[in-house]
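Everything below concerns the one structure shown next.
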Protein chains: 2
Amino acid sequence: MENCSFSLDTAFHALADSTRRAVISRLMKGPAPVKELAEPFDMGLPAFLKHLRVLEESGLIATEKSGRVRTCRIRPKHLSEAETWLSEQRALWQAGADRLATYVENQMTEDDDE
Amino acid sequence: MENCSFSLDTAFHALADSTRRAVISRLMKGPAPVKELAEPFDMGLPAFLKHLRVLEESGLIATEKSGRVRTCRIRPKHLSEAETWLSEQRALWQAGADRLATYVENQMTEDDDE
DNA sequence: CTTATTGTTTGCCAAGTGGTGAACTGAATG
DNA sequence: CATTCAGTTCACCACTTGGCAAACAATAAG
């Protein structure tokens, strides 16, 4: 069970940073070593490794070291769990929208203006 | 334009807390005043108001005060923007999955075990 | 007017985050 | 063996977060 350490808290926290989201986007195109991942960013290796650690502990990525290079890859299953929470909430809202159609429509047009 | 202060950073950060996610869930069922929202949680009003402020600054909710009660409501459009980012990433991954079908399938089964 | 209700502000604190530079480990490479 | 290369660890720092208690509005109810 300690392997199943996935939580929405850590997943959303991991996504709440543009550096980490960029790493996710990059890894979507395929695995990569740490140095290649770190190159686009204007920060030292220690700082970047902290971001990688946050991503790994959130379960969104996995890493494996072979020789002197650590290769990182995405874990799409855990990313989709965060997506699932959001879409469930939207479904909940849509259910309520049927009940309160008129009211909610007013809120939405108000949102358009803001 | 200063009203259009939506960013994925603040949105995901707002979602990275179970109290705030519970508030979102509650508001999906309809607007509510602060006191009713705060009741389920074991924390003082000041602490809870900080959570509300995070949610409001993230654009996920809006609040309005009339008389002595502040009413909170959801802003579904901004919630769906976070969902959009996630589903776009998944789409990106699926595009790559076609190219690297065999490799990625190995990673997925490995994910099943972990 | 008096009092209870509903926020709101202020000051404070412990813990966490995001970065730095410097020193170090361990695997290639010449 | 000596050197570079990729990553890691460590100590440190400024800043933010998430909670508290207490004092302070401002409105509603009696």
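Note that these values count all heavy atoms, side chains included, but never hydrogens, waters or copies made by symmetry. Note on naming: letters A, B, ... go to the chains in the order of the sequence lines (proteins, then strands), and numbering restarts at 1 for each one.
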Value rounded to 0.5 Å, distance of CG in B:Leu15 from CG in A:Asp9: 10.5 Å
Give the rounded distance in Å between these two atoms: NE2 of B:His13 and C1' of D:dC15. 13 Å
Of A:Lys65 and B:Gly67, whose closest DNA chain D nucleotide lies nearer the 5' terminus? A:Lys65
State whether B:Arg90 and A:Glu83 are salt-bridged, where the test is any N-O pair (Lys NZ or Arg NE/NH1/NH2 against Asp/Glu carboxylate O) under 4.0 Å. yes
Could you list by number each residue of residues 42-54 of chain A showing a heavy-atom separation from DNA chain C of less than 4.0 Å, or answer none if no residue does? A:Met43, A:Gly44, A:Pro46, A:Ala47, A:Lys50, A:His51
In plain terms, say whether A:Arg73 and A:Glu64 are close enough for a salt bridge, that is, a side-chain N and a carboxylate O under 4.0 Å apart. no
Which whole-number value in Å describes the distance from A:Leu55 CG to C:dT17 P? 13 Å
Nearest-angstrom distance from the residue atom CG of B:Asp17 to P of C:dG16: 14 Å
Taking atom CD1 of A:Ile61 and atom CD1 of A:Ile74, what is their separation to the nearest 0.5 Å? 7.0 Å
With a 4.5 Å cut-off on side-chain heavy atoms, are A:Val34 and A:Leu45 touching? yes
N/O donor-acceptor pair, side chain B:Arg68 with base C:dT6, under 3.5 angstrom: no
A:Leu79 side chain reached by A:Met28 side chain, heavy atoms, under 4.5 Å: yes
Output the rounded distance in Å from CD (B:Glu36) to P (C:dG7). 10 Å
Nearest whole Å is fine: how far is C:dA27 C1' from A:Glu64 CD? 17 Å
Output the rounded distance in Å from CZ (A:Arg70) to P (C:dG26). 14 Å
Using whole Å, what does the distance between atom P of nucleotide D:dG7 and atom CZ of A:Phe41 come to? 15 Å
